[in-house]
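Okay, so here's the structure we're looking at.
Per chain, numbering begins at 1; letters A, B, ... match sequence-line order. Computed from a prediction, not measured in an experiment: that's the story for all the values here.
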Amino acid sequence: MNHQYVLSCINGYPPSQAVIDYGVWLTQKMSKKLKLFHAIDNQYHENTSDLSGSIGLGAKEELLEEFVNIEYEQNKLLQKKSKLILESGKNSAERSGASNIKLCSRKGRVLDNILDFKDDLSIVVIGKFGKNHQGMSSNETPVGHKVEGLIKKLSVPTLIVSEDFKDPRSILFAYDGSNGSKKVLNFLCGELKGSGLNVELVFFGEKNEDTQEFLGPAQKELERAKFKVTAQTLPGDANIELPKLLEKTNSDMLAMGAFGHGLLHEFFVGSLTAKMIQLSKKPLLLVK
Amino acid sequence: MLSFKKSDWLGNVRGDLLAGIVVALALIPEAIAFSIIAGVDPKVGLYASFAMSVTIAFVGGRSGMISAATGAMALLMISLVKLHGVEYLFAASILTGALQIVAGFLRLEKLMSFVSQSVVTGFVNALAILIFMAQLPELTNVGWQVYALTAAGLGIIYLFPYLPKIGKIIPSPLVCIIVLTAVTQCFGVDVRTVGDMGTLPSSLPVFHMPSLPLNFDTLMIILPFAIAMTIVGLLESLMTATIVDDLTDTPSDANRECKGQGIANIVVGFFGGMAGCAMIGQSIINVKSGGRGRLSTFSAGIFLLIMVVFLSQWLKIIPMAALVAIMIMVSVGTFSWGSLKKLKAHPMSTNIVMVTTVAVVVFTHNLAYGVFVGILLSALFFANKISRFMSIESVLDDETSHRTYNVYGQIFFNSADDFLNRFDFKEVVEKVTIDLTKSHFWDISAVAALDKAVIKFRREGADVDIIGLNKASQTIVDKFAVHNNPEAIDRIMGGH
C-alpha cells in the first residue's frame, strides 16, 4: 500500500523526542503507521594516517584487509548505536500511545534514503538543529542539517520541528494559490480530514476579487473537511509580515507551500521558505 | 564535464593534501625512469605527470585515483620516438586522447566485463614485472656503489616506516632520496644522477603546438601507436579504478573515466608531455596515505610541479639508485603476490590464462596484446566448460521400433560435433524422436548439427520427429534451419 507511513527521522539528539511526539500525533490524526528512521552516515572519515608512502608485498590485499577490519569495527558500533536510538525511540513512541511501530535503519545520507522509499510515505517529520549543535560527533550529520535540500527534492509533505511537543490545536495556513500551497490544502483536507483542528487561513496582498476567487474555495474546502476556519486577507509583503504574524498568533503550527519561486527569484529576493525554516520555533508543515 | 562536487574536493582536505605530497614523491621516479625508457628528456614525463594529474582531478571518473606518465604507456612509444622524434609523440598523445574520448562515447568501457579476474591479475603482475625490468639498465654494467646505494635505499624504504612515531609521518621514499643524495654528495661517490639523464624542467609547462606537418602521412605514422596507447591506457585506468573501488568501497564512473583520460591526454600532448594513464602502485599509495578526494590527485600534480621546477637544482644531484629503489618498491607493491599462492588452489585453466597474459606482455612489452590473448583464452576455456553441459539419453521401444533421444544442455559451435556423435545412425529403427525440451540451441552450428542428424537418420530410412524445441532454440531454428529446404541439404551435407 502506498503512502502508508508517517516517517519520523531521528538521530538521538534532543529534537528527536519532538520528532517522535509529532510523528505519533500525526499517526493518530491520520490513522497511519509510524516508522522511525535513522540514517547511519558512514562516509569515509580519515582514520589512518600512514604517510610512510611505502607499499610492500601484496600491498593491495594487505590494505584491503586493514580497511575492512577498521570499517567492520566502526560500522558494528554505529549499527549498535543506531539500534539503541531506534529502540529508545520506539519505547517513547509507545509511551505516547503509538503501536505497530516500524523501525528502519539504513546507511548513507538521510535525504538519499528518504528519496529511495518516498512512495511509502505520507509525511516526513524531521528535526531542526541550530548551528554547531553540541555533542555531535563527526559521524553524524544532524537530521535537518540540510532540511532545505530535502524539501526541494522531496515531493512528500514535511513537518519540521525544533522545540518540544505541544499538542497542536490550530494551524496558521499561509495560502497564496501556488502549487505548493495547493498541495498543502490537499494534504490537510485529505489526510487530516475530520481532525477538528482550527485553521487560520491567511493571504498577504490586496483584497480584491482575484484573491477572493481562490481564497474562497480554499476556505470552503477546508470547512468541508470539518476544520474550523477563519480566513483573512492581510496587507503587506508576506516576506516581512508572515514571520511577525507567526510570533503573534495563537496557532501552534505554520503550513505553507515551499520554494514556490524559481531560482532567480530565490537568488535576488531570498526565499521565504528558507527564512521561515530558520526563524520559526513552531512546527512547519511544508510541501513543494 | 568538470567536477566541482564539494564533497569530492573538500570532504577530506587534510588527508588529501598529505597524501598528495606522498604520491608526488612516488610519481617523480616513475616519470623520470620511463621518460628515459621512452627515449625522451625527463621533463616530458614530468610535465605529463603534472598536467595529467591536475586535469584528471577535474574530469576523471574515479576520485582518489592517480593518473600520470606511466611505464605501460612509455613502453609503447619507444619506436615512435626513435624513428620520428618527440614532436610525433606529442601528436600521438593528443590523438590517443581523442580516441579515448570516442571510446567513451561508444561506451567501450562496457567491454571491460569480458576481462576476467585472471586476466586482471595477469595484467597487474605483468605491469609489475615491466616496471622492474625497466630498472635493470640502471643496474647493469655499473660499479658496486650503485648496488650498495640501491640496497641501502630499499632498506630505508621498507624499514623506516617501522620507526616509532616519525616512521608513519615522514614518507620513507623522501628519506631514501635525501639520505642517498647526502651520502653521494658528502663522500663524492661517482654514480649516475638524475641530471645525467637529460633536460629537467626549469620553467612551468607552456602551451606547445606539436611542430610537424599536418597531413595524412603523419596521421598514418601516429595512428598505430595512438591505438595501442588508447587501449592500454583505458585498460590500466579501468582496472586501477576497480582496485580503488574495492579499497575505498565506493563506486566510480567508468564512462566518465574514459572520457576524462582522453581529455587529460589531449591536455598533456599540448603541454609537451607524453600520454599517460592511471597508475596502480601510486593509487594504492594514495589511498594508503589517506587520499580519497579529487583534491589528492590535484595536489599530487601541484606538489610534483613545485618540487620539480623550483627544486630542479637539487633534483639534478639525486642518484639514480634512489629512484631505482623507489621504483622497485612500486613494482613489488603492484605485483599480486597472493596470486602466486593461489596458483595451487585455482583451476588449471585460470592459471594458464594468468600466466599466458603475463608471458605475452613480458615478451611483447605491450599490455594490450597480453590482455587480448588473456581474454581469448578465457573465452575458449569458458566455451569448453559450457560444452560439457550436454548429454543425450535414449530409450528404445522394441515393439514399435521407435528410439527416443532426450537431449540435455547447451548445443553450440563447441559442442555441436559431440552432439552429432551421440546419435547411433547404424541402428535399425523405424522411427526416431529427438526431444529437445531440455536443451538450448545457441547458434547456427547447433542448428546445422541438428540438420545433419535429421538428414542422416532419413537416409538410413528412419522417420524423424523433433519435439520440444524450446522458444529460444525455436527462433534460431526458424531463422537458420535447412532440413525442410531441399536446396540447402546439398550445401550442408557437402556432397555426401
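- Dense packing is recorded around CG of A:Asp237, with more than 12 heavy atoms of other residues, nucleotides or ligands lying under 6.0 Å away.
- Residue-environment remark: NZ (A:Lys275) exceeds the threshold of 12 foreign heavy atoms within 6.0 Å.
- B:Ile169 contributes atom CD1, which lies 8.0 Å from atom CG of A:Leu51 (distance to the nearest 0.5 angstrom).
- Here A:Ser54 contributes atom OG and B:Leu25 contributes atom CG; the two are 12.5 Å apart, rounded to the nearest 0.5 Å.
- Here the side chain of A:Ser52 pairs no donor or acceptor atom with the backbone of B:Ser172 at under 3.5 angstrom.
- Across every non-hydrogen atom of A:Phe67 and B:Leu247, the tightest pair is CD1-O, 3.3 Å.
- For B:Phe335, the part sitting under 4.5 Å from any heavy atom of chain A is the backbone (N, CA, C, O) and nothing else.
- When all heavy atoms of A:Glu61 and B:Ser336 are compared, the pair lying nearest together is OE2-OG, 3.3 Å.
- Rounded to the nearest 0.5 angstrom, A:Ile55 CD1 and B:Ile280 CD1 are separated by 10.0 Å.
- A:Leu63 contributes atom CG, which lies 10.5 Å from atom OG1 of B:Thr248 (distance to the nearest 0.5 angstrom).
- For A:Lys102, the NZ atom is loosely surrounded, since the number of other residues' heavy atoms within 6.0 Å does not exceed 12.
- Atom CG of A:Asn179 has 12 or fewer heavy atoms from other residues, nucleotides or ligands within 6.0 Å.
- With a 4.5 Å cut-off on non-hydrogen atoms, B:Ile170 touches chain A through its backbone but not through its side chain.
- Residues A:Lys60 and B:Asp246 meet the side-chain proximity criterion, which asks for heavy atoms closer than 4.5 Å.
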